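A quick note: this is a predicted structure, and the numbers were derived from the prediction, not measured.
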Amino acid sequence: MMGSALRRGAHAYVYLVSKASHISRGHQHQAWGSRPAAAECAAQRAPGSVVELLGTSYPQDEYSNLTRKVLTRVGRNLHNQQHHPLWLIKERVKEHFYEQYVGRFGTPLFSVYDSLSPVVTTWQNFDSLLIPADHPSRKKGDNYYLNRTHMLRAHTSAHQWDLLHAGLDAFLVVGDVYRRDQIDSQHYPIFHQLEAVRLFSKHELFAGIKDGDSLQLFEQSSRSVHKQETHTMEAVKLVEFDLKQTLTRLVAHLFGDGLEIRWVDCYFPFTHPSFEMEINFHGEWLEVLGCGVMEQQLVNSAGAQDRIGWAFGLGLERLAMILYDIPDIRLFWSEDERFLKQFRVSNIDQKVKFQPLSKYPPMINDISFWLPSENYAENDFYDLVRTIGGDLVEKVDLIDKFEHPKTHKTSHCYRITYRHMERTLSQREVRHIHQALQEAVVQRLGVEGRF
């Protein structure tokens, strides 16, 4: 479900599958940034033009802001590539749910959807999840829009309403999600999420509870920090207990028994109460996912008025980086055999500790410019850096911010670290890329260069 954009600190319920840690790259050499062709700089299409994506044409308008770099990543589906580290995490979670939760006829209780199209409507991505029209998570600066009505999903929760409306009451959704973001070893504009939803009828929730027949799911009362206005306290506490038990078993399956866990109260528009789960891993508290009791308004609107439920979401990259000790999110897109062969294991539960590839030296260049008087968004700059430099860019840091005392113009200075994951970069090729970036930032963003 939603996350980071909803609340920048929520790295795992990244949109109830909070904004935790990310990725997705394009096909080989282009993904590694090869050449900054001028056409690659076009972050937006002119109004009136059309973009073709996954066999469908989408007319462009003033909302369109997809970069070609991002478009080349759509359809890669790393989570479905056998023996990829993200595939391993997905399979381990799926296996756990298949084994632990069985339906009445001996079939898995949870169904799995891992091939749904990443193109969704803005209604699916926001409105269906009760995200207000003026919520900052809708900003162009944080999302990739095909046009005003269609976008690349910012979270797998975009499919939640449709699956509930189809009559499903227990499912996992896995897929690539897209968000404009900063540039460092933990963030990438395309990453992968896994989210789960489970609904309960009155009979299912209170089965086995003494005098359960007399208990109710719903009441009309007032909202508090502990429950929604339509839920009884008994129902909420049982759903919350089931949710936390489910997640405790899941992380024990992934990380091993004896793991220290804590729950942190938080906020998501589509759950209440809401929590983030943190684990103590190697002496450090790490947030791994977000979760909560589903907003009944959302459940009702999907046609399940007689049910109450929970949902949780996590970032696959986040878990893989922790479990396999992978230091840089760009590695997930590497086609270097030295990386990929480390995850070709005969048993998906086999422990893997990533052995670092040779670390090639970085090349560091600064870029500074005066900002335009209006309409400058930092994520526009980051997107342009990714478009020109591709995955050669390891990170970008804002190292200086200055306001001229007389003109009151603001200057930003960014330090860009270039590093190839598979070879040593030459001064010449980095200079070529950096000069292309200087030209593009003036042309595309309307800044005044200080180079």
Which heavy-atom pair separates L217 from A235 by the least distance, and what is that distance?
O-CB, 3.8 Å

Between R198 and D169, does any NZ, NE, NH1 or NH2 come within less than 4.0 Å of an OD or OE carboxylate oxygen?
no

Answer yes or no: is there a side-chain heavy-atom contact under 4.5 Å between V393 and T417?
no

Take a 6.0 Å sphere around CD of Q297 and say whether it holds more than 12 heavy atoms from other residues, nucleotides or ligands.
no

Hey, can you tell me if F343 and F354 have their rings parallel, tilted or perpendicular (30° and 60° cut-offs)?
parallel

Is a salt bridge present between E448 and K409, judged by a nitrogen-to-oxygen distance below 4.0 Å?
yes

Whether the W370 and T410 side chains hold a donor-acceptor pair (N or O, under 3.5 Å, no angle test) is what I'd like checked.
no

Does the pair V50 and Q60 meet the rule for a side-chain contact (heavy atoms from CB on, under 4.5 Å), with working shown?
CA-CA 5 Å; V50 170; Q60 306 296 276; 5.6 Å; no

Aromatic plane relationship, F218 with H231 - under 30° parallel, 30 to 60° tilted, over 60° perpendicular
tilted

Looking at R423 and E429, is there a salt bridge between them, counting it only when a charged N and a carboxylate O are closer than 4.0 Å?
yes

Side-chain donor or acceptor of Q124 paired with backbone N/O of T121 under 3.5 Å:
yes

Would a distance-only check, ignoring hydrogens and angles, find a side-chain to backbone donor-acceptor pair under 3.5 Å from Q100 to F97?
no

Quick test of your reading of the model: are D366 and R415 salt-bridged, counting only N-O distances below 4.0 Å?
yes

Derivation of the ring pair (Phe, Tyr, Trp, His ring centres under 6.0 Å) call for F171 and F110
CA-CA 5 Å; F171 54 84; F110 285 81; 8.3 Å; no

R262 bridged to E287 by N-O distance under 4.0 Å
no

Any chance the side chains of D162 and Q160 put a donor and an acceptor closer than 3.5 Å?
no

Indicate yes or no: does K140 engage D142 in a salt bridge with an N to O separation below 4.0 Å.
no

State, with a plain yes or no, whether a side-chain heavy atom of I416 is found less than 4.5 Å away from one of I364.
no

Given side chains that start at C-beta, do those of E278 and V264 come closer than 4.5 Å, heavy atoms only?
yes

Using ring centroids (six-membered ring only for Trp), state whether Y360 and Y418 fall under 6.0 Å.
no

Using a strict 4.0 Å threshold on nitrogen-to-oxygen distance, state whether D114 and K90 make a salt bridge.
yes

Quick check: do D242 and T246 have side-chain heavy atoms less than 4.5 Å from each other?
yes

How many angstroms lie between CG in D391 and CE in M421, if you round to the nearest 0.5 Å?
9.0 Å

Give a yes or no on whether the backbone of F268 and the side-chain of E295 come within a donor-acceptor separation of less than 3.5 Å.
no

When you measure from the side chain of N125 to the backbone N and O of A154, does any donor-acceptor pair fall under 3.5 Å?
yes

Between L314 and F312, is any pair of side-chain heavy atoms under 4.5 Å apart?
yes

Quick one: does Y178's side chain get under 4.5 Å of P118's, heavy atoms only?
yes

Sub-6.0 Å ring centroid separation between Y376 and F381
no

Do S411 and R450 have a side chain donor and acceptor closer than 3.5 Å?
yes

Looking at Y188, does the NZ or CZ of R73 lie under 6.0 angstrom from its six-membered ring centre and within 45 degrees of the ring axis?
no

Assess the residue pair M294 and V197 against the criterion (side-chain contact (heavy atoms from CB on, under 4.5 Å)); give the C-alpha distance rounded to whole Å, side-chain angles, the decisive distance to 0.1 Å, and a yes or no.
CA-CA 9 Å; M294 297 178 68; V197 167; 3.7 Å; yes

Closest approach of A311 and L243, non-hydrogen atoms and distance?
O-CD1, 4.3 Å

Would you compute the distance between atom NE2 of H192 and atom NE2 of H79 and round it to the nearest 0.5 angstrom?
6.0 Å

Ion pair R138/D127, N-O distance below 4.0 Å:
yes

Give a yes or no answer on whether the side chain of H159 reaches the backbone of V173 with a donor-acceptor pair at less than 3.5 Å.
no

Mind listing the closest non-hydrogen atom pair of P85 and F339 along with its distance?
CG-CZ, 3.9 Å

Under 3.5 Å side-chain donor-acceptor pair for Y145 and E62:
no

Evaluate the ring pair (Phe, Tyr, Trp, His ring centres under 6.0 Å) criterion for residues Y414 and F369: first the C-alpha distance (whole Å), next the side-chain angles of each, then the deciding distance (0.1 Å), finally the verdict.
CA-CA 9 Å; Y414 296 90; F369 45 79; 5.8 Å; yes

Apply the test salt bridge (Lys or Arg N to Asp or Glu O under 4.0 Å) to residues R338 and D336: give CA-CA distance (whole Å), side-chain angles for both, the deciding distance (0.1 Å), then the verdict.
CA-CA 5 Å; R338 293 173 299 168; D336 189 325; 2.6 Å; yes

Under 3.5 Å, is there a donor-acceptor pair linking the side chains of E52 and S57?
yes

Is the closest side-chain donor-acceptor distance between N80 and W87 under 3.5 Å?
no

Which heavy atom of N300 sits nearest to which heavy atom of Q305, and what is that distance?
OD1-CA, 3.3 Å

In terms of side-chain heavy atoms, does H408 have a donor or acceptor partner in E403 at a distance below 3.5 Å?
yes

Between the side chain of H253 and the main-chain N/O of R92, is any donor-acceptor distance below 3.5 Å?
yes

Measure centre to centre between the rings of Y98 and H96, then say whether the value is under 6.0 Å.
no

Where A158 and L129 come nearest, the two heavy atoms and their spacing:
N-CD1, 4.3 Å

For a 4.5 angstrom cut-off between non-hydrogen side-chain atoms, does E240 reach W310?
no

To the closest 0.5 Å, what do you measure between CD1 (I308) and OG (S201)?
11.5 Å

One thing to verify: whether D380 and R180 come together as a salt bridge, which I'm taking to mean a side-chain N less than 4.0 angstrom from a carboxylate O.
yes

For the residue pair F270 and H155, does the interplanar ring angle fall in the parallel (under 30°), tilted (30 to 60°) or perpendicular (over 60°) class?
perpendicular

So, E422 and R330, do they make that salt bridge, N to O below 4.0 Å?
no

Cation-pi geometry met for K244 and F275 (6.0 Å, 45°)
yes

Is it true that, when you exclude H226 itself, more than 12 heavy atoms of the residues, nucleotides or ligands shown sit nearer than 6.0 Å to its NE2?
no

N147 side chain to T149 side chain, donor-acceptor N/O pair below 3.5 angstrom
yes

Do H135 and S137 have a side chain donor and acceptor closer than 3.5 Å?
yes

Counting N and O atoms only, with roles assigned by atom type, does the side chain of T107 sit under 3.5 Å from a partner on the main chain of G103, one being a donor and the other an acceptor?
no

Between D176 and R153, is there a salt bridge with N-O shorter than 4.0 Å?
yes

Could you check W161 against S301 for side-chain hydrogen bond (donor to acceptor under 3.5 Å, both in side chains), going step by step and ending with a plain yes or no?
CA-CA 8 Å; W161 189 94; S301 71; 3.0 Å; yes

Taking CZ in F402 as the centre, count heavy atoms belonging to other residues, nucleotides or ligands within less than 6.0 Å. Is the count above 12?
yes

Between the side chain of Q228 and the main-chain N/O of Q296, is any donor-acceptor distance below 3.5 Å?
yes

Restricting to non-hydrogen atoms, name the atom on I388 and the atom on A440 that form the minimum distance, rounded to 0.1 Å.
CD1-CB, 4.2 Å

